[in-house]
Amino acid sequence: VRDLRLDIIGFGHVGRALARLLLSRCEDVPFKVVSLVTAHHGWWSDPSGIDLSKAVDMTELPSKGPPPKIADLPGNVLVELTTLDPRTGRPALDHIQDALRERKHVVTANKGPIAHHYPQLLGHAWVAGRQLRFEATVADCLPVFDLARAALPLAEIRRIRGIVSSTTNHVLSAAARGVPFAEALADAQRLGIAEADPANDLEGWDAAAKATILANVLLGARIGIDEVRRTAIDERTADEAARAARQGARLRPVITVERLPSRTRPHHLEGTRVRASFAAVRLDPLDPLFAVDGLSMALELETDLAGTVVVQLHDPHVDQVAYAVLTDLLEIAGWRSPV
Ligand SMILES: NC(=O)c1ccc[n+]([C@@H]2O[C@H](COP(=O)([O-])OP(=O)(O)OC[C@H]3O[C@@H](n4cnc5c(N)ncnc54)[C@H](OP(=O)(O)O)[C@@H]3O)[C@@H](O)[C@H]2O)c1
């Protein structure tokens, strides 16, 4: 197992959860955190390793002023956990490009750069001979890319349906129990699951970014976020959710990514043609996504060889985002599970 030296950029909810996780399993994992960087709360870098037990209790990190450039940080892995900008993917995109240029491996939970620039970043990683991993970007630690890599060799994924937006699923699940829209949304914000600007969730930008990642990574498409058809979740949708519940059905916020027949051969010249959407969909009790309530998330992968595979993550917390980052780090370190 390789020793990893981590430069963690972004020390907010996920960064701190990762630090707590590394502290709790420090006997098992060969990782040393050598840099912690924030935008407004200082930074800390030490090639011999940072005392994480001190760092998790600090609101202000000891060094002030502009942090060193990524090239000057002492780690061999960049862990990118900065704030999401769903429209551009910046500044995370610049951080990732700088790290790959310096031949550092990259792990990120930030869906912006992967949704906007996956093919280019994959190219940079290939040229650098380093790994780019992003398991946390779609549904916390629900296995998506690891599942496809490990359990679906040769199988072609034909269609993906999923619930990957905790905020909108929470709002529609609460509406089904009679909770007013505004109250359910405020509750999601209080729990820290809604983006600072709830429009990102309600207008489907967050879900569209995730659908784009799934389409481009798992189906070999080359779509942009704008190509995902979005139907916003609003008070009317919440009323519809309450009505559906009274009739024994459920309204769920569902993304769909579907492979379409290719127009040209060979189709890799244009990427796989897909249709992708996000909308509230009425489901009956036999649908695998029916029972995925509240903050829970699930994905259904329809394949040619493996049938239809459904995975669900029940009631996740920010610790499960940190765990997904940890699984990516363990892969890079070459750690193998004994089972
Ligand atoms: N929270 C979740 O449940 C969840 C789930 C899946 C994925 N994610 C993704 O994980 C990432 C982190 O989320 P979070 O909830 O931890 O966010 P957060 O609590 O807002 O923390 C963001 C951190 O990034 C820092 N930062 C922002 N811009 C920076 C820059 N240019 N250079 C250096 N540091 C910068 C912030 O510093 P300051 O505080 O000083 O501004 C803060 O430390 C986001 O991309 C998010 O979309 C989060």
Side-chain angles (χ1 to χ4, degrees), residues 6-21 33 35-45 55-56 58-70 72-73 75 78-99 106-116 133-145 164-170 188-198 200-201 205-210 212-213 225 294-297 313 315-328:
L6 314 183
D7 296 324
I8 300 181
I9 315 288
F11 196 48
H13 293 99
V14 178
R16 285 170 184 276
L18 177 64
R20 289 192 302 271
L21 180 56
V33 175
S35 316
L36 292 173
V37 180
T38 74
H40 310 99
H41 296 88
W43 54 277
W44 189 357
S45 187
V56 289
M58 292 174 169
T59 33
E60 294 296 322
L61 297 175
S63 301
K64 296 294 169 194
K69 293 196 176 79
I70 284 180
D72 298 328
L73 295 173
L78 174 79
V79 183
E80 219 299 335
L81 305 175
T82 63
T83 320
L84 167 72
D85 180 336
R87 314 280 150 115
T88 66
R90 292 207 142 82
L93 174 66
D94 306 316
H95 298 158
I96 293 174
Q97 283 173 329
D98 289 351
V106 173
V107 174
T108 185
N110 194 323
K111 53 196 155 285
I114 308 299
H116 285 284
R133 302 189 76 94
F134 43 84
E135 189 62 63
T137 53
V138 170
D140 299 358
C141 70
L142 179 138
V144 185
F145 307 110
V164 292
S165 162
S166 287
T167 300
T168 53
N169 201 34
H170 176 78
Q189 286 173 310
R190 190 183 50 76
L191 289 168
I193 54 161
E195 298 274 345
D197 175 2
N200 277 338
D201 293 309
W205 287 109
D206 172 77
K210 291 170 173 178
T212 304
I213 295 175
I225 296 180
L295 305 182
S296 301
M297 294 188 269
L313 180 64
D315 217 5
H317 185 257
V318 68
D319 291 347
Q320 277 68 62
V321 186
Y323 178 68
V325 173
L326 179 68
T327 62
D328 281 343

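Along the sequence shown, residues carry numbers from 1. One-based numbering, in listed order, for ligands and for the atoms of each. If you're wondering where the values come from, they're calculated on a predicted model, not measured in any experiment.
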Under 3.5 Å between any N/O of Gly15 and any N/O of ligand 1: does that happen in this structure? no

Under 4.0 Å from ligand 1, counting heavy atoms only, is it the side chain of Lys111, its backbone, both or neither? side chain

Hey, does His13 have a side-chain heavy atom less than 4.5 Å from the side chain of Val321? no

With a 4.0 Å heavy-atom cut-off (strictly under), which part of Val321 contacts ligand 1: side chain, backbone, both or neither? side chain

For atom 45 (O) of ligand 1, what's the nearest protein heavy-atom neighbour? Residue, atom name and distance, please. Thr82 O, 2.7 Å

For atom 22 (C) of ligand 1, grab the closest protein heavy atom and report residue, atom and distance to one decimal in Å. Thr83 OG1, 3.6 Å

Of the protein's non-hydrogen atoms, which lies at the shortest distance from atom 38 (P) of ligand 1, and what is that distance? His41 ND1, 3.6 Å

Are any non-hydrogen protein atoms located under 4.0 Å from atom 17 (O) of ligand 1? no

Can you find a pair of side-chain heavy atoms, one from Lys210 and one from Thr137, that are under 4.5 Å apart? no

Please test Asp7 against Val37 for side-chain contact (heavy atoms from CB on, under 4.5 Å), starting from the C-alpha separation and ending with a verdict. CA-CA 8 Å; Asp7 296 324; Val37 180; over 6 Å; no

Ser165 and side chain to side chain donor-acceptor pair (under 3.5 Å): which partner among Thr167, Thr168, Asn169? Thr168

Shortest protein contact, atom 19 (O) of ligand 1 (heavy atom only): His13 ND1, 2.8 Å

For Lys111 and Leu84: C-alpha separation, side-chain torsions, deciding distance, then whether side-chain contact (heavy atoms from CB on, under 4.5 Å) applies. CA-CA 7 Å; Lys111 53 196 155 285; Leu84 167 72; 3.8 Å; yes

Do Asp140 and ligand 1 have an N or O pair less than 3.5 Å apart? no

Hey, are the side chains of Leu73 and Ile9 touching, using non-hydrogen atoms and a 4.5 Å cut-off? yes

Numbered atoms of ligand 1 (with element) below 4.0 Å of Thr38, judged on heavy atoms: 33 (C), 34 (N), 37 (O), 40 (O), 43 (O)

So do Trp44 and Val33 actually touch side chain to side chain, heavy atoms under 4.5 Å? no

Could you identify the single nearest non-hydrogen protein atom to atom 41 (O) of ligand 1 and state the distance to 0.1 Å? His40 ND1, 2.8 Å

Have a look at ligand 1 and work out which part of Pro91, if any, has a heavy atom under 4.0 Å from it: side chain, backbone, both or neither. side chain

Does Cys141 offer a backbone N or O that forms a donor-acceptor pair with the side chain of Glu135 under 3.5 Å? no

Atom 37 (O) of ligand 1: closest protein heavy atom, distance to 0.1 Å, is Ala39 N, 3.0 Å

Under the criterion side-chain contact (heavy atoms from CB on, under 4.5 Å), I'd like the reasoning laid out for Leu78 against His95: C-alpha separation, chi angles, the key distance, then a yes or no. CA-CA 8 Å; Leu78 174 79; His95 298 158; 4.1 Å; yes

For atom 21 (O) of ligand 1, what is the closest protein heavy atom, and at what distance to 0.1 Å? Gly12 CA, 3.3 Å

For the pair His116 (side chain) and Arg87 (backbone), establish whether a donor and an acceptor sit closer than 3.5 Å, ignoring hydrogens and angles. yes

Counting only heavy atoms, tell me which of Ala17, Gly89, Ala109 gets closest to atom 8 (N) of ligand 1. Ala109

Which ligand 1 atoms, with their elements, are less than 4.0 angstrom from a heavy-atom of Phe11? 23 (C), 42 (C), 43 (O)

Nearest non-hydrogen protein atom, atom 47 (O) of ligand 1: Leu84 CB, 3.5 Å

Proximal atoms of ligand 1 relative to Asn110 (non-hydrogen, under 4.0 Å): 45 (O)

Checking heavy-atom distances from atom 13 (O) of ligand 1 to each of Ile9, Val37, Val14, the winner is Val14

Closest heavy-atom pair and its distance - Pro113, Leu93: CG-N, 3.8 Å

Out of Gly10, Pro316, Cys141, Ala92, the nearest non-hydrogen contact to atom 23 (C) of ligand 1 is supplied by Gly10

